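Have a look at the structure below, then the notes.
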Number of protein chains: 2
Amino acid sequence: MTEDSDWVERFPGLSRLDLPTKQLLTKRSTIVRVPKNTMVFGPGKSPENMLFLLDGTVRVQQVSETGHQIVLYRIEAGQSCVLTTACLLAYDDYSAEGIAESVVKAAAVPREVFDDLVAGSKPFRDFVFAAFSKRLTDLFLMIDEVAFQRVDVRLADKLIKLSSGADSVSTTHQKLSVELGTAREVISRQLQEFQRRGWIEQARGSVTLKDRQQLQTLANHNA
Amino acid sequence: MTEDSDWVERFPGLSRLDLPTKQLLTKRSTIVRVPKNTMVFGPGKSPENMLFLLDGTVRVQQVSETGHQIVLYRIEAGQSCVLTTACLLAYDDYSAEGIAESVVKAAAVPREVFDDLVAGSKPFRDFVFAAFSKRLTDLFLMIDEVAFQRVDVRLADKLIKLSSGADSVSTTHQKLSVELGTAREVISRQLQEFQRRGWIEQARGSVTLKDRQQLQTLANHNA
DNA sequence: GATGTTTGGTGACATTGTCACTGAACGGTG
DNA sequence: CACCGTTCAGTGACAATGTCACCAAACATC
């Protein structure tokens, strides 16, 4: 692990900044550590600062008025909470919350500093707008998936993504149902079918991928 | 209709700008008119300019790889295409398109001018970020609806919204199905049920609202 | 009137969501 | 270890929605 003081260099989108801007960011930010399963932001918890994630991931999910839950997206290391933060600050009738999925290390930048940077640095503007754009297009894709994609296809895709190349995924049927915005029973049935086909093995609280190729083929069934 | 040259004043979010900024916007923008049913932006059609809508509405919808369609949102007079534009410029694998639903009059602002404004004017930054935030929260709500809300509730809501207070809505079952991202047959069945209850009357290409109160009650069924 | 297109209706069936349960697996505790 | 409460998963019946293959009426055009 490198020094935290040069965190700006580790952001692909921020490396283009000119030196004074980098120094401003470094000087005016503080490194914070957030324990696992902490709510980073959420109803009644508007953060004072914009976070730039150095380590760990933040899961952004929504609790519907009907009590249902769905995972909207994740903020990974190298990305910032800016848009989510800004968004939630502006409209307090939101229902989304951000939860640290692991220990999270982040650089906290005060809002005034953020505003100054947007005003003063074109590369920083580009970074912010690129992040916004990516988030919007991702949400477009997500709407498309939720509305039109079959559950088995989405589940296969999610299993592969969550595995990150590992052999097994530590999760429950309940958690998987929240990932896809469906019901636990649906996940149970689909996983049974996958198991029947020999694509996975199940244990309490974990799914082992036995045939990643077949899962991938199903996940690619876009048409 | 007032003079087009003072369009900035007619934007609630832009009225706070200082005089030089307003003058810059006015001077460096051109008023454009777009015929009904024109594609304002879309695959292979990245606009050169940021549009600020003075009149009319732009419908933003998505064509899925499966051939399904869904309306994402509308840009009304007083709002700007900025985010959609920026978003689609950045990621060309998008599938969203913007279509003028009526004759649209808009102020076109070149990208460089837009960037200068963001850099130089705090009120303008606030306008832009507020627009982004609103869009994101709206998309969050939409995901929630698509994933968890019943079709009858969503249809009742959509009929009321599309009516804009008028007695009837000129649309087809097919178009309504795209609004909700469902199938035409589903719309046909739901409308039949509404008609059976005396809430609406149907004619080819139009739906007449007979009992707005009942529809509203159903639409409010959030839990 | 003949023809083609758009719009809407219908039945059969597949998929997904909901509800009310059941029991197994796990983590305590005495 | 036995006991107990909690979490996790399985099941069947049924409702809601999506898909498919049609059909028929309304409309536009010639």
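Chain A is the first sequence line, chain B the second, and so forth, proteins listed ahead of strands; every chain is numbered from 1. Fair warning: this is a prediction, and the values are worked out from it, not measured in the lab.
Computed from coordinates, the A:I200 CD1 to D:dA9 P distance equals 11 Å when rounded to whole Å. Rounded to a whole Å, the CD atom of B:E145 is 17 Å from the P atom of C:dG17. Per the geometry, CG belonging to A:L176 stands 12 Å off C1' belonging to D:dC8, to the nearest Å. One atom, CD1 of B:I187, and another, P of D:dT19, lie 13 Å apart when rounded to the nearest Å. Atom C1' of nucleotide C:dT15 and atom CD of A:Q190 are separated by 9 Å, given to the nearest angstrom. The nearest whole Å value for the distance from the CD atom in B:E193 to the C1' atom in D:dA16 is 13 Å. Note: CG (B:D152) to P (C:dG17) measures 16 Å, nearest angstrom. The interatomic distance linking B:R150 (CZ) with C:dT16 (C1') rounds to 13 Å, in whole Å.
Listed nucleotides D:dG18, D:dA16, C:dT18 differ in distance to B:T182; the shortest reach to its side chain belongs to D:dG18.
Scored by the salt bridge (charged side-chain N to carboxylate O under 4.0 Å, His left out) test, A:K161 finds A:D157 as partners (sequence neighbours excluded).
Contact annotation: A:H68 side-chain N/O to C:dT18 OP1/OP2 distance is under 4.0 Å.
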Subject >> CA sep, side-chain torsions, deciding dist, call: A:W7, A:L14, side-chain contact (heavy atoms from CB on, under 4.5 Å) >> reply: CA-CA 10 Å; A:W7 64 267; A:L14 297 182; 4.0 Å; yes
Original post:
Yes or no on salt bridge (charged side-chain N to carboxylate O under 4.0 Å, His left out) for B:E201 and B:K210, after CA distance, side-chain angles and deciding distance?
Top reply: CA-CA 7 Å; B:E201 294 275 321; B:K210 307 295 283 187; 5.2 Å; no
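Under 3.5 Å, the side chains of B:R154 and B:T182 contain no donor-acceptor pair of N or O atoms.
By the 4.0 Å N-to-carboxylate-O rule, B:R197 lies close enough to B:E193 to be salt-bridged with it.
Using cut-offs of 30° and 60° for the angle between ring planes, the B:F11 and B:F52 rings count as perpendicular.
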**OP:** Let me have a per-nucleotide readout for nucleotides 6-12 of chain C, 5' to 3', with B, S or -, counting only protein heavy atoms under 4.0 Å.
**Re:** BBBBBBB
